[in-house]
2 protein chains.
Amino acid sequence: MESTRTRIRRATINDVASAAGLSRGTVSRVVNGERYVSEDAKLAVEEAILKVGYVRNSVARNLVRQQSGAIGLIIHEPHSLLFEDPNIGSILLGANAVLSAADYQLVTLIIDSARDSRRVADYLQGGLVDGAVIVSARESDPIALAVKNLGVPAAFVGHPPGIPDIPYVAIDNAAAAEAITSHLLGTGRTRVGMIACALDRDSGQDRLAGFKAAMGELFDPELVVEYPLYTYGFGLEGMQELLRRRPDLDGVFAASDAVAAGAMTALQETGRQVPGDVGIVGFDDSSWALRCRPQLSTVRQPADLLGERAAELVLAQIRGLPSPAEVLETSVMWRGSA
Amino acid sequence: MESTRTRIRRATINDVASAAGLSRGTVSRVVNGERYVSEDAKLAVEEAILKVGYVRNSVARNLVRQQSGAIGLIIHEPHSLLFEDPNIGSILLGANAVLSAADYQLVTLIIDSARDSRRVADYLQGGLVDGAVIVSARESDPIALAVKNLGVPAAFVGHPPGIPDIPYVAIDNAAAAEAITSHLLGTGRTRVGMIACALDRDSGQDRLAGFKAAMGELFDPELVVEYPLYTYGFGLEGMQELLRRRPDLDGVFAASDAVAAGAMTALQETGRQVPGDVGIVGFDDSSWALRCRPQLSTVRQPADLLGERAAELVLAQIRGLPSPAEVLETSVMWRGSA
DNA sequence: ATGCGTTCTGTGAACGCTCCCAGACCCGTG
DNA sequence: CACGGGTCTGGGAGCGTTCACAGAACGCAT
């Protein structure tokens, strides 16, 4: 981070004051729309502002007010997920909606390397934001620890294992996975596999646990394949592997819709009929689900609500209100794929 | 933006100084890793920092240094594009890579309402960032004007019409569209339509212009349908409309891969063979392209490079170096869909 | 006249840091 | 012994605001 110090000097509140023949205090009052300033003074200040081209220095303001009016949203995802995971966009937009309404600025920070991780932690601790929403933290995430140590108001989307006492909003992945798997079994399948992903996260772990629970007696460890990410590509690959292990498979639970879409392609490429030969269910109810032919049976997850509620939890903390963890409802969307 | 002023007082540099029995100056020197501090002093300060739990207040630091070490990346997209457009993620990651290497923090600001637009403009002007990368600006964007007025170092991704003299990095959409359309015509098609999108932007306009140029004599205005966004849904709809107008259509240029994917679905649902009956080409070379069956012939657009170069342009301005506009190369990826 | 409440204005004191200058100290050299 | 040069430390000034307080000016009732 270098710099050539050549930026032209910006007008300050003092420049405005002297141009208007008034004092700092009065200028500050009109800039902030406070009471107790005469009509004459107001006009003079507004004219002076235009004349000298003044715009408020937020840094100085934030320093004295001891708050920034900004909330960070931290995304810690591997490269590819930024494109593949539709939930992130929804979470982002949901959070932005409630913060915007409360006149907070949402600033999104992405972590793509260890270096980023440190810099972002500094950013959070440095007083540059009043709080943070953290998406997809992993176990022993330095960010989570930083937040915890400094007491920055924060909320997690998803329930990071190993970080107690921090407000979060999540869905019950295990229960939802169990529910959709049961639906799938309800269509009379008996040889059902799972393409599991992201087992380093609570969502991945819990979906697998839910699957096992639903399968009960029928569960066969050989019919579970594991991949690091929720992607179309791994869905394709995972399905091929499953078919290799068990060509007579008649059902599959994919850990996300993107994965399910990949699996469906793999199935159709081997000439199998969906849902005739193999039934397939996904997770997310993202735009993937409607795009598949046949359309995907899946778990509807309210991603935008997740973002909204997380933002609300952060605001609650800032305002000194209670901010209880929250588990949002999911529902099974039953469509043509199983 | 309210607040209950109850945050616990943070330790300051003075607290560290008195705990270590040294002065502010010395503490500052060790915190910033400067020379001329004795080993004893360094140890004492480090111990004191741990003891009082000090973390630097970046706001105060930024105020005196008159720089923030942060670069804003502004995304002004309608809701749905945040999920559908794979380019945005690549641009983001590209920009982050170069800024991270230069030890700048990338902060992403999204605009989703007029209110956001104003707040973001304030954020940019208020000294909270040292520069900005602006993605997908539209004509007469308030953000663009704000940047222009205050002289904040900035670079645009894409070439916003009506905003001269601002560095940008873009691709030649018209030339690329012309090239791929020519390829399509080269397979012997004569009744070729286009699903055009986002005509309020340079990319949308230019792709249409390129299409027209390639078609020459063959161009038929009835075979162009227009939609506001580059989405799968509009691709589906657009293809159905085109087929209604001209059931014997034998080729189509979709304004993006997502649009092409929708179009392909529509085509296949009417029982048409791709590329046998109808050839189809897209734009972006996103993950959509490989996901279609057959795979999509498309224009490869280096989205990550776009982000990298834009970030470099901003850094160049900060360093007082020249920052010429840049047009990046595209290439035609010829695959199975035409 | 005096007092009181309201509106309006100016100013000193922060906020927490960095920068710079002055001075102390130590060492080796002429 | 004086001197120059390097190393180390302390502290004043200043970054551009907001905030609290003091005081001026005014009208109105006592």
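Just so it is clear: chains get the letters A, B, ... in the order the sequence lines come, proteins before strands, and each one is counted from 1.
For A:R56 against D:dT17, a side-chain-to-base donor-acceptor contact under 3.5 Å is absent.
At least one side-chain heavy atom of A:V129 sits under 4.5 Å from a side-chain heavy atom of A:L124. Counting heavy atoms from C-beta on, the side chains of B:I318 and B:I71 come closer than 4.5 Å.
For A:N14 and B:V37, each mapped to the nucleotide of DNA chain D holding its nearest heavy atom, the one lying further toward the 5' end belongs to B:V37. Nearer the 5' end of DNA chain C, as judged by each residue's closest nucleotide, is the contact made by A:R35, out of B:S28 and A:R35.
Contacts of B:N32 with the nucleic acid, taken as non-hydrogen atoms under 4.0 Å apart, involve only primed sugar atoms and P, OP1 or OP2.
A close approach under 4.0 Å does occur between a side-chain nitrogen or oxygen of B:S23 and OP1 or OP2 of D:dG10. Remark: A:T26 is in phosphate contact with C:dG10, judged by side-chain N or O atoms under 4.0 Å from OP1 or OP2. Residue A:R65 places at least one side-chain N or O under 4.0 Å from the OP1 or OP2 atom of D:dC19. The side chain of A:Q66 places no N or O atom within less than 4.0 Å of a non-bridging phosphate oxygen (OP1 or OP2) of C:dA14. The side chain of B:S38 places no N or O atom within less than 4.0 Å of a non-bridging phosphate oxygen (OP1 or OP2) of D:dT7. Here B:R10 does not reach the OP1 or OP2 of C:dG16: none of its side-chain N or O atoms lies under 4.0 Å away.
Of the candidate nucleotides C:dT9, C:dT18, C:dG16, C:dT9 has the atom nearest to the side chain of A:R29.
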